[in-house]
Every structure is written in C-alpha cells, then in structure tokens.
Amino acid sequence: MDDKQLLADYRRMLLIRRFEEKLDSLFTSGVIKGTSHLYAGQEAVAVGVCAALRSNDFMTSTHRGHGHLLAKGADPKRVMAELFGKSTGYSKGRGGSQHTACAAVGFLGSNGITGGGIPIATGAALAVQMTASAPLTKDGHAGRNRAHPDAVVVCFFGEGGASIGMFHESLNMAGIWKLPIIYVCENNLYAMSVPLHEESAVQDIAHRAESYGMPGVIVDGCDYFAVARAVAEAAARARAGEGPSLLEAKTYRYYGHSKSDKREYRTREEEASWKNRDPILLLGTKLLETDVLTKDAQLQALHEVDAEVEAAVEFADNSPEPDPAAVLDEVFA
Amino acid sequence: MDDKQLLADYRRMLLIRRFEEKLDSLFTSGVIKGTSHLYAGQEAVAVGVCAALRSNDFMTSTHRGHGHLLAKGADPKRVMAELFGKSTGYSKGRGGSQHTACAAVGFLGSNGITGGGIPIATGAALAVQMTASAPLTKDGHAGRNRAHPDAVVVCFFGEGGASIGMFHESLNMAGIWKLPIIYVCENNLYAMSVPLHEESAVQDIAHRAESYGMPGVIVDGCDYFAVARAVAEAAARARAGEGPSLLEAKTYRYYGHSKSDKREYRTREEEASWKNRDPILLLGTKLLETDVLTKDAQLQALHEVDAEVEAAVEFADNSPEPDPAAVLDEVFA
Amino acid sequence: MREMFYSHAIREAIAEEMERDPNVFLLGEDVAEYGGAFKVTQGLVGQFGKGRIRNTPICENSFVGVAVGAAMLGMRPVVDIMFQDFITLAMDQIVNHASKIHYMYGGQLSVPIVIRTPAGGGRCYGPTHSQSLEAWFMHVPGLKVAAPATAHDAKGMLKAAIRDNNPVVFVESKLLYGQKGLVPEEDYVVPLGQARVVREGEHLTLIAYSRMVGEAERAATALDREGISCEVIDLRTLAPLDLQSIADSVVKTGRAVVVEEGCLTGGVGAEVSAQIVENCFDYLNAPVQRVAALDVAVPCADALERAALPDAGKVMATVRQLMQKYG
Amino acid sequence: MREMFYSHAIREAIAEEMERDPNVFLLGEDVAEYGGAFKVTQGLVGQFGKGRIRNTPICENSFVGVAVGAAMLGMRPVVDIMFQDFITLAMDQIVNHASKIHYMYGGQLSVPIVIRTPAGGGRCYGPTHSQSLEAWFMHVPGLKVAAPATAHDAKGMLKAAIRDNNPVVFVESKLLYGQKGLVPEEDYVVPLGQARVVREGEHLTLIAYSRMVGEAERAATALDREGISCEVIDLRTLAPLDLQSIADSVVKTGRAVVVEEGCLTGGVGAEVSAQIVENCFDYLNAPVQRVAALDVAVPCADALERAALPDAGKVMATVRQLMQKYG
Ligand SMILES: Cc1ncc(C[n+]2csc(CCOP(=O)(O)OP(=O)(O)O)c2C)c(N)n1
Ligand SMILES: Cc1ncc(C[n+]2csc(CCOP(=O)(O)OP(=O)(O)O)c2C)c(N)n1
Ligand SMILES: [Mg+2]
Ligand SMILES: [Mg+2]
C-alpha cells in the first residue's frame, strides 16, 4: 500500500467513525426516525477489506452496513439522506439504514435479515464465475450491474449471522463450486445481547471453514494492516480460480446494538479494554511513527471528515421528502 | 451384547431386508400407490444403533424410514398397513411411507422434508434435558409422550440432509446446550442422483462436528458391531450429561432413490462392490463363525421373517380403507 | 381491574402460565436478560432462570423446530420470533411440521406451541421489519391464529393459547405494546375463536383485528358525527374465524368493511369478504369493501409509510364512499 | 401445431430461452442428469452442460438466494423447487429479498428470476408432497405468480416469465405434466396477466387455474346437458390478476364459482371472490362460491385424498346448489 492509499484509508476510517457519532446524536435527538446499528469500533475491518479490493469488486452487507457502504466508496451525502428518509437517498427513502444499496460501487445492499446477504453474495460470485468461464455475448437486463469476469465478492456478516442456516448452505455451495468469494465474519462477541458462548459452542467461527473445504483465517479486526493482508491473499486465491475463503475478524462495536440498547449484558471494563486498542488510534499511531502522517495532517483530516459529515447532514436535511403519491412506483422493474 | 440380542438383531436386519424387497414388488405391481424410499443395504445402521439404545429412548427419521421404524420395534403389520393407506396403519393412512410415527416405541416420525427431523430431534433432547434437570411435577398434555429424564435421542439423516441449514442450526444449539442427542448421518454417497462431491466440498460429514464442539466419528455402516459400539459410546456420553455426538455411517442403498429411479448416475460395478460387503452377510458370517448362529437357525430365521412379512401384507390387505367421511378428524388435537 | 400496558399484559400471561405449568418455557433470540427486542419478557429470567427463559442463536426455522420436538414430548414452548418478517424463515417447521404432526401421524403426537410475533409498521423500520403476514397462516390447516387488540385480550388470549393443545401463531403489534388497557386482577382466559363487538351500530359493520381495531373505532366515532353509525367487530382470532359474530352483525347492518394492516391482495379481508358473501348475500345492501395496506413493501420514510398503511382516515373515506353509493 | 406433453412444453421453453439468452441458467436439486424429480429438464444437461444446468445441494432458501444474487448481476436464473411444499424453506429469500430488492433499494437492482415448482396432490404422496400454496404469493407485492393449465400456456408463459425483469413464481402441476396439448411450431409468448376464456356460457362463470381448469371444463360439459351453461375462465396468472376478464364474464352471467386445488380458507378463491364483489356487486345474482380443498393436510390414502381435494363432481354439486337457490 502506498502512502496515498494509507492516508485515504485512515481518513475513511475517521469518516466512518464521525459519521456514526453524528448519527448517534441525530437519533438521540429524534431528528432521525426508525432504527440504526452503528459501526463505530469496527472501522479497520471495512476499510481494511476494501484496501485489498478493486473498485469493480462486489460486496454484500448486514444490518450494520454504514461502515461497509462508506468504505466501498458510497457518497456520505446520499447515505445520510437515506437515513433521513429522503428521496435523494440511495434507496429513495424506501429502505433506510438496513436496506441501502449502491450499485454504482458494487455494493449489493445492507440487509435487514440476519444472514440474508450470504446466499446473495454467493449468487453474485456465481454470476462472476459464469461470466468468467463463458464470456456472455448479450447484456443482462438493462446491463447495469454486469459482473466483471475477474471480480471477487466480499460477503460481510456477524458471528451471530454465522448461526443461521444460510451460512452453512451458502459456504457449502461456494466450496463445491469454488466461487470467487470472501466471507468476512465480523466477530464482535455479541449478537444483540447474546454473548458468543450462547450463540456457538466454539469460539472461533473461522474453523468452520474446514466443513466447506476452504481456508479459514482469524485476523485482528482492530488492525487495518492485518485485515488488508488477509483479504489480499483471499482475493488473489479467488481471482486465480482457487475458490472461497472464510475470514474472521475479532472486533467490537462501541455503541449498543441499536439505539434502544443500554448494554447491560457487558461491562464498561470490557468496553474500555477494547477502546484501548481502537483501530483508528492504532493506525494513526503507526502512520505517525512511519511518517506517513503528521500531527497537522491528522488534525486536518479530522476537520475535513467533520466537514464532510456536516455537508452530508445538510444535504440530507435540505433534500425533499419522498412524494407519498409515488409510493407505488417501482414495485415492479 | 449377548447371543440372544445378536440373534434378534440379525433377524431384525433380515426382516428389514425382506420387508423392503416385498415392498419393491408391491410397488412395481401397482398394489401400493404413492412413493417409497427403500432402506435395503443400510440395515446394519438402524439395527446397530438400536442395539445400543434403550426402549424408552427416542428417534427421529427421514423419508427413508421403514428400517428405522422396524429397528426401533414398530409392528411390521401396522407399518405395512400405513403403506397400503389403510386405517390400521400407524398414521391411519394419512401419512404413508414418509409420515409414519410410532409414539409407543419413541419413534417421532419419518419425515418428508429433508432435514426436517433434525431440529425436532434436538427439541426432543431439550425436553429430555429439561425433564432431567428439573423433574416436572405435572404431566404434559395427555401425558402420553413424556420424556424420561435419562433418555437419549437419536436423529437420523442422510448426507444430503447434512447440506440443509437445519443441520447446522440444530447441531449448533445441541452443542451450546449439551443436549443428550446422537446425530447419525447415513452417508450413502448420493442424495437422489446427486453424488457426494456435488453435495459437499468435503467427503466426511463427521468432521463438521468440530464446528459445534462435539465429537465426530466415522463408522463402517456395513458393520453392525462398529455401529453399535460407536452409538453405545455416544449414548453413554449423552446420559452422563456430556452432550451430543455426530456419527457418520458410510453405507449404501441398494435400490434406486425412489421407485421411479433407474440409477443411471452410478455404475452396476459400484453397486456390486458394496453388495460384496452386505451388512447382513457380514453379520451372518460372523455369527456363524462364532457359533452364535447355525445354518439351520439361519434358514429358520429367514422363514420366520418371510412369514412375518407375509402376515404384514395380509393384515394390511385385509384392513379397512379409511373412511372418507372422517377425513377432517383430528385436524386439531 | 388495573391499567396495564399491552406488553406487560403479555408478560404477566407468560409468567402466570409458567408458574402454573412447569412444562411451559420460553425460547427465542434475546428473550432472557435483554427481555426481547420490545422488552416484553423483561424480568422473567430473574424469576424463572435461563433454563426456562432460553436465549437461542439466530436460527428461526430450527428453534421453532426445537419447540416442536419439545412439545411432542410434553413441553409447552412459547417461541419468540422477534419480528414477524423473520417468520418467513420458519415456514417449513410451522407449516410442514407443527401444523401437520397431529393429523398426519394419526393423532399419536401433538404440538402445543405458541409462536409469539410482533407484526406491523408505523415505526419507520422499513421493508423487512414492518410486515403483517398473518393471512398466510389462515391458509394452513391445523394452525390457530390469534391477534389481540387490547391488553385485556392479549393476556387472556395468550393464556388460552398456551393451554391449547395445538400450534398457535400469536400476532402481537409493535405499536400496541405501548398502549394501556384495563386488565382484571383475577385469573382469566379469553377463549380462542370468539370475536368481540366493540361498539354497536346500525348502518355498517367495520371488521378489524389487532391494531386496526383502534383505527376502526376512531373512524366509527368520527363517522357517527356525520350520521353514519358503524358497528365495530374485533375478530380477535383469525383461525378459527368467528363467522357467527360477523354474520350476526352484517345481517343487521347490511354492509361491511374489513380493515387490516397487511397488504390488500390475498389478505385476511379477502377471506372475510368471501365468507360474508357466501353466508349473508341476501342481506347485503352494498359490496363488502376492504381497507388494507397498499400492495407494496412497507417503505421506511415516514411519508411513504403513512401512504402505504391503512388508518382511520382511509377507513372513513371508504365508508363515506360506500354510504354515498349504497347508503 | 404439435401435440406435446405439458412437461415437454416446459422443457422446450427452457431450452429455447437458454439458446436465445446466455444469461439464462437452471439450478436446483437433481436438475442435471436426473432431469428433475418429474423428468421435466431431462436432456438439457447434454445440450447446455453442467455449468448452466446446475445441480445444487439440498438447501432451498440458499439456492433461491444464490439465484437472487446472480440475477442482481445480470443473470436470469430459473430455479427448480422440486415440490412446492419445499418452498416453505425459501420464503425468506423470496419474500424478504427477491420480491423487495427492486423497490427497497430504490430501483437500482432487479431480480429477474423464475421459481418453477410443481404443486398439488392426486398422487398419494401425502401431506408434505401435495400442497398448493400459491395463494401466499399473491399476498407478496413485487412477485408475479403464473399457473398455466395447458401445454400451450406452460411454454408461452414460461418464456414470458424468463424474459420478465421481476421474480416470478411459476406454479406447475404434477398431474398435468403427463397431459398433452397443442403447441405452435413457431416462437411465441403468452404474456403474464391475461386470463383466457376457455368456454363461453350464459348462466354462471367458473373461474379456475392450473389443473382445476380441466375439472371446471369437465363440470361445464356435464352441466350443459342439465341445461346449465357455464363460462369457464382460466386465470393463467394469479398476480397480476386479470380482473377485467373476470369482471366482463361475471357482469354477463351474474354468477361466479371459483375453483382451486389449494385449501379453501385464505386461498386464491377468497381474493377473486372479494374482487368480484367489489367490482361487480350490482350485477351479481348469486353469492360468489368457492370450490377448493378441504382445510386439512392432504392425506396419503387414496380415498382420503379424493375426499380432501376438489374435482369436477364437487364443482357440479356446488353449481347445481347455487342454480337451485339463485337460478
Ligand atoms: C433472521 C433474523 N433474525 C433476527 C434478527 C434480529 N437481529 C438483528 S441484528 C441481530 C444480531 C446480529 O448479530 P451479529 O450477526 O453478530 O451482528 P452484529 O449486530 O453483532 O454486528 C439480530 C438478532 C434479524 N434481523 N433477522
Ligand atoms: C427440503 C427438501 N428438499 C428436497 C427434497 C427431495 N428429496 C427427498 S430425499 C432427497 C435426497 C436426500 O438425500 P439424503 O439425505 O442423502 O438421503 P438418502 O435419500 O440418500 O437416504 C431429496 C432431494 C425433500 N424431500 N425435502
Ligand atoms: Mg455480533
Ligand atoms: Mg444419501
């Protein structure tokens, strides 16, 4: 990774953090309705993954999708607008936090159903593989979302999502068909309030990879470099036709599961110990140490992302409400 | 195992074989309608499993359930009557081959949905565990099917059924809760026409046990003794509160998947090689060698089971058709 | 009588039944310490422990299946499906197993489970967290479907459901959880299968269930001032459906409008309408009408969600139009 | 025109669309060498190879999800659900994903998939292999539901479904597979959403789809001899429903009976009945009636199965009764 990318990625992690902190206050103050699941604390995973991807690679996400969206290159303005329920949001206000896609950057959707994105990602990888093995002569419907024959698909899910049948079913198919896909489990120790040991009899999700004939790798989800390295390897494997990988990133979410969560199922000490290894802090320190970043540049980055977040809020705020008369538009394609 | 049980089990395996052979001809000649999945070839699994169980242990089964039913002690007459669609069948003709239960012997049903019995078995094991840990003071509804606190549950499924999400979801729960259950995968190499390597990226289903924190054991499904030994160990584990086990029995079905199957997806050579290690032949030879069985007793056993099968057919044939006017009976309990 | 939240009434029903019958237990995601997504079961784990208030991993089909298996051996599980939208994942165990086991195994086994599940929109949760899918379950023989509209009924019907020997889909309402109602001090049960006349009227029968009962009442109150007198019926149970109560009212008023929060096409209203026509045709002075959600995924944005979902205003508009043409 | 089995017409439609469009591919259990449980896709693997005629492991929800994901990237998967009963396992991917993706993601992505699935009883397969659950899918916005009754329509509608940019649940019939019908030589498409007048009549409209169209025709022929003239309408597509064709006929005859193989309560007939009442009330001379399966799991034994399922005889009985009272 060159310095430019490192700086950009550091900035991207900051952006995600500040975006989520802003959201938290917008929710608390009642400006935004509905619900939301904040990504703060897990930034090194999303940004580390994307550091090793190409822009035309694909991604599916979860209920906790803002970080993934922003890391993949979605416009914070339109993400924020979606959260505000405005017509300028990526989903035109119909989807909200849990149902935002950004096809232009290959982001195939956040997903309100735990595990729901896993088979979808697997199918996207199948489309990529079929496109690669037999270059298609005709365009797909509207040709908009054509798979590139050398693309890989990244599929995010939580360790809670690894309990649902779709995890097993999908990894099995990917293993049999040797699909170009990287399954990334963000193990943040809790599914809502349920701790890992009540969700799974084993503590490492990555070991399940053996059941599907693919490599399983555990990485430190607070370490941007570790994540990027592991994904680069998995992506190379996938592009070489060697099939899928399962990565497990050990990580932690700073906020409650959703806005109504008081976090009574975990201790403030546990939270503090994770915050000691804050992914942005870790990367920043490293970049300062290696002179990629200066204190000044760091401050400037913070100012810039704050401005970007403010601009997003302003954009969202000033955007028009969706027209209720158009509620039935686009039910069918 | 004492000689008496060995002889009884040998006879039971013969009974299953002859029962299925009879069924095949009844289907071919059009006497029985509907469909059926014959168990011939896999007898050492069902009977070996039951050799290590107590009569008040529980069992769930699959679409291929006749062998399991007969091994668990169901009456061949009433099984046959169910296949004939008669009112004397265990399910009063409503269920047929794929939907037969025999609550009296703890047989919780054959099942038309691949994998459908896996969570049900897991729930039965939970009932057993809850009964054991907190002896219940009141009877359940009608009190008929009460769990015994020291019971174990055996859950049968095929390697094809190990692909469905319920396999993963259920074993995960059993692993977390340390339930008294034995999952027995009968790996007969095909799910209908689909060979193992198109169903799974790995060839041994037993290794998946690691994903759920339970032991996984592979046994020769043609070897009655091997199956019985493995189940005895797993049952002891379960009764001691040490939790679930996954057993994989490598086996083979002699007939096609169902009556319409011409077996074009496998070779006659492969079939012949498995028949060389026929489970009944193997056990018979062993029992003859060790003088548990004599040639005369063997011949007599064959006559007896044939008579039993004939009696079952006669019973079924002479039993009354269900009354169409009663079609709505028992929709609700 | 005490004033009580709908959600607390449900909690009390569970607690009382668990006290009464050691076979009753609860399972689902986050039901223990967290008390469920809507805090309905909060506090129960302190009283009954984690064995009987049992957190599950995220696996709707199989934890419903676990309940089915446990029920077959005499337990009486109460399963929590956090949002009704997730019941899509459990359709196999509900439809192919729970609903059929008693009948298809010749009456040897039964499946006394209750599947509690909050339905409906109005909270800007979006397409996968706002659906009302209960109409599907009316189409499944062997299932009962309950959908109480008040705290009183929520408690009484849940107790009836837990004591029932059959699988019951128990539809709750996210927006009703926070509404209060009067609940008797003493032990009581509201039998499944009995509708309730909420309000008497002459000109037209409004038929609703769950949250839409309140909207129908509001509409009736407003329409009264316009000289249109509506009888309001709360179905309470969708299966079995209390046709007698519906017919008694429609025979009297000659007009009916069915109100539901689910999508119009193929909804509960279709069945109710068909049964009214089959049984009261000679008494009908007007076509049976339906007020329901538009046939669209429930959108997130407030303005869109309000456009998609039915409410008292839409009920009034439909009734006015009907009375104009057939009054 | 050629005489052709319903099953072969389906196979031909798939083959032609796969020839025409390289994005079309097939996936499901045993679809390759085995040709599917009912041999519908037999031979296709020889023509198109295992990449495009793709066996899957047994995992209905996820292989439907795989189709959804592939479709989002421009493929046009045709998914085989071996028995409609197993679609219960795939409800999440169909309802929460396939049907909603286009709308809920703001129109950025679409999901052109076809889910082929044989429904119905009559083969003594028992409760988990005989259901007709298509009514559920009418209740899901964003889905189309097709259910052809003839070889001609099976081919033409499947081609239309494959070319459609939306998810289509394509209901086939186990008992129709072995029936022959005339199929044009040339390429043709039967658009989704257009019903067909099978037979003209004066006194009453019989409305049916899939296998029940034949039963309705048989009933109509027999009733003709008794002086009752029935118009028979084949809905062909359940969603979108061709209300115009239904209304045109009912306005003419003044009476309607809806016939379906699924269970009565909450079935397709309920919706059709409700729409007829809403739109043709002033023309109705009799209550709309429904003929459907009894509300029971389809039992295995022949005598019980026949008692549970509708047929021409039951249609005739209902019509006679109706004409006696409202003739
Ligand atoms: C099928 C389904 N079941 C339950 C839920 C409710 N739910 C939303 S997020 C969540 C926990 C997910 O945990 P995990 O996968 O670990 O992701 P995390 O929230 O920790 O990022 C649950 C239970 C859901 N959305 N979908
Ligand atoms: C959910 C579901 N999908 C598909 C089927 C159709 N089906 C019945 S048996 C079978 C193969 C099962 O294979 P396996 O589990 O290995 O058992 P075996 O038949 O080999 O004994 C299939 C696909 C079904 N019954 N249920
Ligand atoms: Mg988590
Ligand atoms: Mg097999």
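Keep in mind that what you see is a predicted model, and the values were worked out from it rather than measured. Below, chain A is the first sequence line, B the second, and so on; all start at residue 1.
- Judged by distance alone, with hydrogens and angles left aside, the side-chain atoms of C:N166 form no donor-acceptor pair with the main-chain N or O of B:F332 at under 3.5 Å.
- Residues C:L109 and B:A101 share a closest heavy-atom pair of CD1-CB, 3.9 Å.
- B:M166 places a side-chain heavy atom less than 4.5 Å from the side chain of C:Q93.
- Proximity to chain C (any heavy atom under 4.5 Å) is restricted, for B:T100, to the backbone atoms N, CA, C and O.
- Closest approach of B:A127 to C:M75, counting heavy atoms only: CB-CG, 3.7 Å.
- Pairs engaging residues 93-102 of chain B under the salt bridge (Lys or Arg N to Asp or Glu O under 4.0 Å) rule: B:R94-B:E330 [sequence neighbours left out].
- Here the shortest heavy-atom pairing between C:H97 and B:G116 reads NE2-CA, 3.6 Å.
- Nearest heavy atoms, B:I176 versus C:P57: CD1-CG, 3.6 Å.
- Heavy-atom pairs under 4.5 Å with chain C peak, among B:T60, B:V128, B:V331, at B:V331.
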For residues 151-163 of chain B, which side-chain N or O atoms pair as donor and acceptor with protein atoms under 3.5 Å away, sequence neighbours left out?
unit_1 : atom_1 : unit_2 : atom_2 : d
B:E159 : OE1    : B:N188 : N      : 3.2
B:E159 : OE2    : B:Y190 : N      : 3.3
B:E159 : OE2    : B:A191 : N      : 3.3
B:S163 : OG     : A:N172 : ND2    : 3.4
B:S163 : OG     : B:E199 : O      : 3.3

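- The part of C:R54 that comes within reach of chain B is its side chain, from C-beta onward, which places non-hydrogen atoms under 4.5 angstrom from that chain.
- Between B:L328 and C:Y103 the shortest side-chain heavy-atom distance does not fall below 4.5 Å.
- Per-residue counts of heavy-atom pairs under 4.5 Å with chain C were compared for B:C102, B:G112, B:G165, B:G89; the largest is that of B:C102.
- Within a 6.0 Å radius of NZ in B:K33, no more than 12 heavy atoms belonging to other residues, nucleotides or ligands are found.
- Using a 4.5 Å cut-off between heavy atoms, C:N61 contacts chain B through both its backbone and its side chain.
- The main-chain N or O of B:S91 is never found under 3.5 Å from a side-chain atom of C:Q108 such that the two would form a donor-acceptor pair.
- Here B:A124 is the residue among B:G106, B:A124, B:G95 with the most heavy-atom pairs under 4.5 Å with chain C.
- Side-chain contact between C:E60 and B:E169 is absent, with no heavy-atom pair separated by less than 4.5 Å.
- Nearest approach of C:Y105 to B:S110, heavy atoms of both residues: OH-O, 2.5 Å.
- The shortest heavy-atom contact between C:L73 and B:F58 is CD2-CE2, 3.5 Å.
- Contacts between C:F63 and chain B at a heavy-atom distance below 4.5 Å involve backbone atoms as well as side-chain atoms.
- Two residues are said to be in side-chain contact when any heavy atoms from C-beta on lie closer than 4.5 Å; B:N111 and C:N96 fail this criterion.
- Taken from CG in C:L27 to CH2 in B:W177, the straight-line distance is 6.0 Å, to the nearest 0.5 Å.
- Interface remark: C:L143 contributes backbone atoms only to the contact with chain B (heavy atom separation under 4.5 Å).
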